[in-house]
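Notes for the one structure printed next.
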Amino acid sequence: MGPLSVNEIISENTNLFLAFLIGIGFGFVLEQSGFSSSRKLAGVFYGYDAVVLKVFFTAAITAMLGLLFFSLFGWIDLNLVYVNPTYLTSAIIGGIIMGAGFIIGGYCPGTSFCGASIGKIDALVFIGGLFIGVLIFGLGYNMWEGMYLAKFLGSPKVSETLGLTDGVFACILIVVALAMFWVAEWAEQKFPREQY
Amino acid sequence: METQKTKYLNPYIGGVLLGLVLLAANFVSGRGLGASGAIKSTIVSAVTTVAPAASEKSGFVKEFRESHQGNPMKTWLVFEMLGVIVGGFLSGAIAGRLKLKVEHSPKITSKKRIFLALIGGILFGFGSQLGRGCTSGSALSGMAVLSLGGFITMMAIFGTAYALAYFFRKNWI
């Protein structure tokens, strides 16, 4: 059955309309969870508010389990679901640059649109920065093309790399996440902040 | 005057809901969520309009065209991000959080916060292109489909932010 658009069960325009609706859900949940506030987001790096960690890992696990169960029930063909390719060098260096951008700017791209949608001017400026950053990457593409394409490993799953089945890896990830949630709850008690 | 702080959703419930949205994205389109991809579409669209000749030679535009046909603005992530703006606005309106303001620690000025937001945005924009997606598209969506690259990018983003947190603490706490 799924993915609906890949199997041509829905038309391209329906797919785009559903993208808009899914985006509304995405933005709504982010804002409801407090992701429109840079000071709340940055809290995860100082221990006073670990909402990012809790929401992020709960979401990743929910979607991961959902996909595995949907596959088990025959509702989705996981072979048709896009698995992000792994270019080792750019995955690491890109991640490092994004991490620096996160702690300096206080937002990531998705959350900055969410913050701007409720009137955060700093979020709007962050979005301006995003456009400049993407433009710089595009203009100087030839300079970093080598790095961008280096160490291509295909589209491996982390479970395959570790020699585990998807299910066993999912169980391990859940245990790890629970341990992190426990640390997060402890940190919020230990480094409380009344207002931010 | 209303000074009461509006309450946010329980983070674990928020996480489950976000996970269901991500699951819906995969079920409908066969791909996860994203954010920076919509900015890339906009930049490609703008560049090809302003400088069509030069853009034909750009490796960046060529790379985009290989995976996207037709109008660069008629892509899944562009429509999804338009939805994000609507969804965020609706949530803020319901919760009474709509307000024009620069949010910053009392220890820094608005001007400094704006400057840092700009620098952070530039870095994040650049990094998201190099890393083939941001926290949404690469880290979160990548993790949900167990992509090795998604896990690596997630660890690099959060690891770096934690490593640098000490040096930027005055901006936040």
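Proteins come first, then strands; the chains are lettered A, B, ... in the order of their sequence lines, and each starts at number 1. As the structure is a prediction and not an experimental result, all values here were calculated from the model.
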Task: Within one Ile-Leu-Val-Met-Phe-Trp-Tyr cluster: Met143(A) and Leu139(A), side-chain cutoff 4.5 Å - done: yes

Open item on the list: Any non-hydrogen side-chain atom of Phe89(B) less than 4.5 Å from a side-chain atom of Glu31(A)?
Closed with: no

Open item on the list: For a quick test of reading the model, state the closest non-hydrogen atom pair linking Ala91(A) to Ala156(B) and the distance between them.
Closed with: O-CB, 4.2 Å

Task: Atom group of Ala38(B) that falls short of 4.5 Å from chain A, counting heavy atoms - done: neither

Open item on the list: Membership question, hydrophobic clusters at under 4.5 Å side-chain separation (ILVMFWY): are Leu178(A) and Val55(A) in the same one?
Closed with: yes

Open item on the list: Can you tell me if Phe73(A) has over 12 outside heavy atoms packed within less than 6.0 Å of its CZ?
Closed with: yes

Task: chain B contact via Ala42(A) - which portion, at a heavy-atom distance below 4.5 Å - done: side chain

Task: Region of Leu153(A) that comes under 4.5 Å of a non-hydrogen atom in chain B - done: side chain

Task: Phe35(A) side chain reached by Tyr8(B) side chain, heavy atoms, under 4.5 Å - done: no

Task: Transitive ILVMFWY side-chain link Leu100(B) to Phe113(A), under 4.5 Å - done: yes

Open item on the list: Under 4.5 Å from any heavy atom of chain B, what part of Asp77(A) do you find: side chain, backbone, both or neither?
Closed with: neither

Task: Rounded distance (nearest 0.5 Å) linking atom OG of Ser33(A) with atom CD1 of Ile13(B) - done: 9.5 Å

Open item on the list: Checking side-chain contact (heavy atoms from CB on, under 4.5 Å) between Ile97(A) and each of Ile157(B), Thr160(B), Leu123(B), which is the one that passes?
Closed with: Leu123(B)

Open item on the list: With a 4.5 angstrom heavy-atom cut-off, is it the side chain or the backbone of Val44(B) that approaches chain A, or both, or neither?
Closed with: neither

Open item on the list: Using side-chain contact (heavy atoms from CB on, under 4.5 Å), reason through Ile92(A) and Ile152(B) one step at a time and then give a plain yes or no.
Closed with: CA-CA 7 Å; Ile92(A) 295 173; Ile152(B) 292 170; 3.5 Å; yes

Open item on the list: Both conditions, 6.0 Å and 45 degrees, for the charged tip of Arg169(B) above the ring of Phe45(A): are they met here?
Closed with: no

Open item on the list: What verdict does the side-chain contact (heavy atoms from CB on, under 4.5 Å) test give for Phe28(A) and Val21(B), after you've listed the backbone C-alpha separation in whole Å, the side-chain angles of each residue and the deciding distance to 0.1 Å?
Closed with: CA-CA 10 Å; Phe28(A) 193 89; Val21(B) 171; over 6 Å; no

Open item on the list: If you count heavy-atom pairs within less than 4.5 Å of chain B, which of Val81(A), Leu16(A), Leu30(A) leads?
Closed with: Leu16(A)

TODO: On the 0 to 90° scale, with breaks at 30° and 60°, tag the Phe158(B)-Phe56(A) ring pair as parallel, tilted or perpendicular.
DONE: perpendicular

- [ ] Working to the nearest 0.5 Å, report the span between CG of Leu18(A) and CZ of Phe79(B).
- [x] 12.0 Å

TODO: Tell me, out of Ile43(B), Leu90(B), Ile94(B), Leu22(B), who's got the most heavy-atom pairs with chain A below 4.5 Å.
DONE: Ile43(B)

Open item on the list: So which residue, Val44(A), Ile61(A), Leu78(A), Ile9(A), ends up with the most heavy-atom pairs under 4.5 Å with chain B?
Closed with: Val44(A)

TODO: For the pair Ser147(B) (side chain) and Asn84(A) (backbone), establish whether a donor and an acceptor sit closer than 3.5 Å, ignoring hydrogens and angles.
DONE: yes

Task: Nearest heavy atoms of Ser90(A) and Arg132(B), plus distance in Å - done: OG-NH1, 2.8 Å

TODO: Sort out for me which of Ser36(A), Pro156(A), Gly43(A) touches chain B most, counting heavy-atom pairs under 4.5 Å.
DONE: Pro156(A)

- [ ] Mind checking the CZ-CZ spacing from Phe168(B) to Phe102(A)? Nearest 0.5 Å is all I need.
- [x] 14.0 Å

Open item on the list: I need the residue from Leu18(B), Val86(B), Ile39(B) with the largest number of non-hydrogen atom pairs under 4.5 Å to chain A.
Closed with: Ile39(B)

Open item on the list: Quick check: do Phe26(A) and Ser136(B) have side-chain heavy atoms less than 4.5 Å from each other?
Closed with: yes

TODO: Using the side-chain contact (heavy atoms from CB on, under 4.5 Å) rule, take Asp122(A) and His104(B) through it: C-alpha gap first, then chi angles, then the decisive distance, then the call.
DONE: CA-CA 9 Å; Asp122(A) 43 327; His104(B) 62 89; over 6 Å; no

Open item on the list: Counting heavy-atom pairs under 4.5 Å with chain A, which one of Gly34(B), Pro11(B), Gly121(B), Ser110(B) comes out on top?
Closed with: Gly121(B)

Open item on the list: Do Val6(A) and Phe27(B) sit in one hydrophobic cluster, given that two such residues count as connected whenever their side-chain heavy atoms are within less than 4.5 Å of each other, even indirectly?
Closed with: no

Task: Evaluation steps, side-chain contact (heavy atoms from CB on, under 4.5 Å), between Thr62(A) and Leu23(B) - done: CA-CA 8 Å; Thr62(A) 303; Leu23(B) 180 61; over 6 Å; no

Task: Option from Val134(A), Leu135(A), Ile132(A) for which side-chain contact (heavy atoms from CB on, under 4.5 Å) with Ile122(B) holds - done: Ile132(A)

Task: Nearest-0.5 Å distance that lies between atom CZ in Phe131(A) and atom OG1 in Thr42(B) - done: 4.5 Å

Task: Side-chain (Arg113(B)) to main-chain (Gly105(A)) donor-acceptor, under 3.5 angstrom - done: yes

- [ ] Write down the atom of Ala63(A), the atom of Ala144(B), and the distance for their closest heavy-atom approach.
- [x] CB-CB, 3.7 Å

TODO: Check whether Leu149(A) gets within reach of chain B through its side chain, its backbone, both or neither, counting any heavy atom under 4.5 Å.
DONE: both

Open item on the list: Heavy-atom cut-off 4.5 Å, strictly under: side chain, backbone, both or neither for Asn13(A) against chain B?
Closed with: side chain

TODO: Can you measure from CD1 (Ile118(A)) to OG (Ser91(B)) and round to the nearest 0.5 angstrom?
DONE: 7.5 Å

Open item on the list: If you count heavy-atom pairs within less than 4.5 Å of chain B, which of Ile96(A), Ile76(A), Val51(A) leads?
Closed with: Ile96(A)

TODO: May I ask you to check whether over 12 heavy atoms, not counting those of Tyr12(B), lie within 6.0 Å of atom OH?
DONE: yes

Task: Close side-chain approach of Val83(A) to Leu146(B), heavy-atom, < 4.5 Å - done: no

Task: Joint cluster assignment, Tyr166(B) & Ile119(B), ILVMFWY side-chain distance < 4.5 Å - done: yes

Open item on the list: Show the nearest heavy-atom pair for residues Glu103(B) and Ser37(A), with the distance to one decimal.
Closed with: OE2-OG, 2.7 Å

TODO: Pick whichever of Gln32(A), Glu12(A), Lys54(A) has the most heavy-atom pairs under 4.5 Å with chain B.
DONE: Gln32(A)

Open item on the list: Under 3.5 Å, is there a donor on one side chain and an acceptor on the other for Tyr141(A) and Glu63(B)?
Closed with: no

- [ ] Can you see which heavy atom on Gly138(A) is nearest to which on Ser58(B), and at what distance?
- [x] O-OG, 4.2 Å

Task: Distance in Å, Ser38(A) OG paired with Leu116(B) CG, rounded so as to fall on 0.5 Å steps - done: 10.5 Å

- [ ] Compare all side-chain heavy atoms of Ile22(A) with those of Leu33(B) and state whether any distance is below 4.5 angstrom.
- [x] yes

Task: Main-chain N/O of Asn26(B) paired with Tyr82(A) side-chain donor or acceptor, under 3.5 Å - done: no

TODO: Quick one: closest heavy-atom pair of Pro109(A) and Ser36(B), and the distance?
DONE: CB-N, 4.2 Å

Task: Contacting moiety of Met155(B), where chain A heavy atoms sit under 4.5 Å - done: neither

- [ ] Check the surroundings of atom CZ in Phe69(A): do more than 12 heavy atoms from other residues, nucleotides or ligands lie under 6.0 Å from it?
- [x] no

Task: Closest-packed option against chain B by number of heavy-atom pairs under 4.5 Å, given Tyr107(A), Phe181(A), Phe17(A), Phe57(A) - done: Phe181(A)

